[in-house]
Amino acid sequence: MAKATYMKLKGSQNLRLRLLLATLSATPVLIDDIRHDDTWPGLRPYEVSLLRLFEKICDDCVVEINETGTKLKYKPGIIMGGKNLVHDCGVGRSIGYFLEPLIVLGLFGKKPLSITLKGITNDSKDPSVDTFQSTTLSILKRFGVPSEGLKLTIRNRAPPPHGGGEVELKIPIVQNSLTAVTWIDEGMVKRIRGLTFTSRVSSQFEHTMRYAARGIFNRLLPDVHISTYHSKTGKSPGYGISVVAETTSGCFISADTAVSYGRGEESGEDKDEENNDLMPPEEVGEQIASVLLGEIEQGGVVDSTHQGLLFLLCALCPQDVSKIRVGKLSPNGIETLRHIRDFLGVKFVIKPDPSTETVILKCVGCGLKNLSRKIS
């Protein structure tokens, strides 16, 4: 058997994206110099947890890490999917960090994927599980992913540092390949929906965040509804809000944040807890309303956090032209475009549209077919 040739990469940045693209394109990767100059060199616990998650849903994948954790060899296997899987995400990063690669991998599995993830559901770094439920899954439907069996059930919400949340994700497989899209009409905002949550703090905080956010939204449109949720099982005090704007052409633009005490040394302090003073709930509501309005103002069919996913889905389409419109390209979006070029050989034509200050991207997909599925 021929020896596998490894694609050589350096550094710890974009590890998740690299592993995802390596698995989809069946490219073995060798990543060197992972935080080799840091006080704590090597892979972080949450990155090792991500590798374990990949092992759970793939068959025959090989992971080798050296003693210091600064060198990683990853040989992808066949994506199997599977029923009733359980994964503890730990408390290094929130569940959103693990969901992003999972939803793409699950589509190209042998069987539909059903997995329960435990850990932190809402924090200020990664998209919250509410954003996934309202926005991310609807983007998948645009690309021809069947809506039967595509579901995220949130059983418990919990902020950092101790977690205690739980969600169940169900992803169907695509029968052959995704569908190419022409998606350039962002439409006008017709309604705003949202959810505030609290854990181990007064439930009055929910109403304060709601009124603050609605105070800004209601000046612009009447159809605003923000519901509340008080977590009884979260292990740490915290509160947060996620809002999503739906447009007349069926686009969803979202923003979310959560405020809690930091995780301490392990993964760098969050911005919110200097001197253990948390941002007051009223300011949280106003800030997230402003962030959402900023995302809407930028234009584009998705918000800046979903650009990477949108480009990736376009690149995985059959060999047909996809055309999409986004606002200002985010750093994550630009990195995703570079990695797509390296792993899948798909290049995007990027054309600014000065009249709306947006960017139109076109590409011909790489024609990835779901070869793992059973041929009935």
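Nothing fancy with the numbering, it's 1 onward along the sequence. Being a predicted model, the structure only gives us computed values, none of them experimental.
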Check your understanding: Backbone N or O of Phe252 within a donor-acceptor pair of the Glu246 side chain at under 3.5 Å?
Key -> no
Check your understanding: Got a donor-acceptor contact below 3.5 angstrom from the Ser25 side chain to the Leu21 backbone?
Key -> yes
Practice item. Measure the shortest side-chain to side-chain distance between Tyr239 and Ser199 over non-hydrogen atoms and say whether it is less than 4.5 angstrom. Key: no
**Study point:** Any side-chain heavy-atom pair of Gln298 and Thr358 under 4.5 Å
**Key:** no
Exercise for review: Could you check whether the rings of His207 and Tyr211 sit parallel, tilted or perpendicular, using 30° and 60° as the cut-offs?
Suggested key: tilted
Check your understanding: Can any side-chain N or O of Asp256 pair as donor or acceptor with the backbone N or O of Ser128 at less than 3.5 Å?
Key -> yes
Point to revise | Non-hydrogen side-chain atoms of Asp32 and Leu9 separated by less than 4.5 Å | key: no
Point to revise | Side chain to side chain, Val189 and Leu220, heavy atoms closer than 4.5 Å | key: no
Study note, to complete from the structure: Going by chain and number, the hydrophobic cluster around Met188 (ILVMFWY, side chain to side chain under 4.5 Å) further includes none
**Study point:** Side chain to side chain, Phe143 and Cys317, heavy atoms closer than 4.5 Å
**Key:** yes
Point to revise | Pairs touching residues 343-357 that satisfy salt bridge (Lys or Arg N to Asp or Glu O under 4.0 Å), sequence neighbours left out | key: Arg325-Asp353
Point to revise | Lys56 atom NZ: more than 12 heavy-atom contacts under 6.0 Å | key: yes
Exercise for review: Might you work through the salt bridge (Lys or Arg N to Asp or Glu O under 4.0 Å) test for Arg44 and Asp38, ending with a clear yes or no?
Suggested key: CA-CA 11 Å; Arg44 297 280 175 266; Asp38 280 25; 3.5 Å; yes
Practice item. Among Asp303, Val181, Leu361, Val326, find the one that has a side-chain contact (heavy atoms from CB on, under 4.5 Å) with Leu310. Key: Val326
**Study point:** Side chain Asp123, main chain Asp126, donor-acceptor under 3.5 Å
**Key:** yes
Exercise for review: Show which residues join Tyr6 in its hydrophobic cluster (side-chain heavy-atom contacts under 4.5 Å, direct or indirect), or state none.
Suggested key: Leu30
Practice item. Please work out whether the ring planes of Phe98 and His87 are parallel, tilted or perpendicular, with thresholds of 30° and 60°. Key: tilted
Exercise for review: Pick out which of Asp130, Thr121, Asn122 makes a side chain to side chain donor-acceptor pair (under 3.5 Å) with Arg157.
Suggested key: Asp130
Point to revise | Side chain proximity check, Trp183 to Arg142, heavy atoms < 4.5 angstrom | key: yes
Review point. Is a side-chain donor or acceptor of Asn370 paired with a backbone partner of Gly109 at a separation under 3.5 angstrom?
Key: yes
Practice item. Assess the side chains of Gln287 and Thr257: does a donor N or O sit below 3.5 Å from an acceptor N or O? Key: no
Review point. Do Leu113 and Ile103 have side-chain heavy atoms sitting under 4.5 Å apart?
Key: no
Practice item. Following the transitive rule for hydrophobic clusters with a side-chain heavy-atom cut-off under 4.5 Å over Ile, Leu, Val, Met, Phe, Trp and Tyr, establish whether Leu329 and Ile324 coincide in one cluster. Key: yes
Review point. So His230 and Thr198, side-chain hydrogen bond (donor to acceptor under 3.5 Å, both in side chains) or not? Walk me through it.
Key: CA-CA 5 Å; His230 186 69; Thr198 52; 2.6 Å; yes
Tell me which donor-acceptor pairs under 3.5 Å the side chains of residues 160-173 have, and how far apart each pair is, sequence neighbours excluded?
{"from": "Glu166", "atom 1": "OE2", "to": "Arg155", "atom 2": "NH1", "distance (Å)": "2.8"}
{"from": "Glu168", "atom 1": "OE1", "to": "Arg155", "atom 2": "NH2", "distance (Å)": "2.8"}

**Study point:** Test item: Arg200 side-chain N/O and Gly234 main-chain N/O as donor-acceptor pair under 3.5 Å
**Key:** yes
**Study point:** ILVMFWY clustering at 4.5 Å (side-chain atoms), partners of Val86
**Key:** none
**Study point:** Donor-acceptor pair, side chain of Asn66 and main chain of Lys71, under 3.5 angstrom
**Key:** yes
Review point. Going through the distances and angles, do His339 and Asp342 end up as a side-chain hydrogen bond (donor to acceptor under 3.5 Å, both in side chains)?
Key: CA-CA 5 Å; His339 280 79; Asp342 296 344; 5.6 Å; no
Check your understanding: Arg16 side chain to Tyr97 main-chain N or O, any donor-acceptor pair under 3.5 Å?
Key -> yes
Check your understanding: Cut-off 3.5 Å, side chains only: do Tyr74 and Thr23 have a donor facing an acceptor?
Key -> yes
Review point. Does a donor on one side chain sit under 3.5 Å from an acceptor on the other, for Glu282 and Thr208?
Key: no
**Study point:** salt bridge (charged side-chain N to carboxylate O under 4.0 Å, His left out) against Arg35, all qualifying residues, sequence neighbours excluded
**Key:** Glu47
Practice item. Given salt bridge (Lys or Arg N to Asp or Glu O under 4.0 Å), test Asp33 with Lys10 step by step and report yes or no. Key: CA-CA 6 Å; Asp33 299 345; Lys10 277 190 188 309; 3.4 Å; yes
Review point. Is there a side-chain contact between Thr135 and Val302, using heavy atoms and a 4.5 Å cut-off?
Key: no
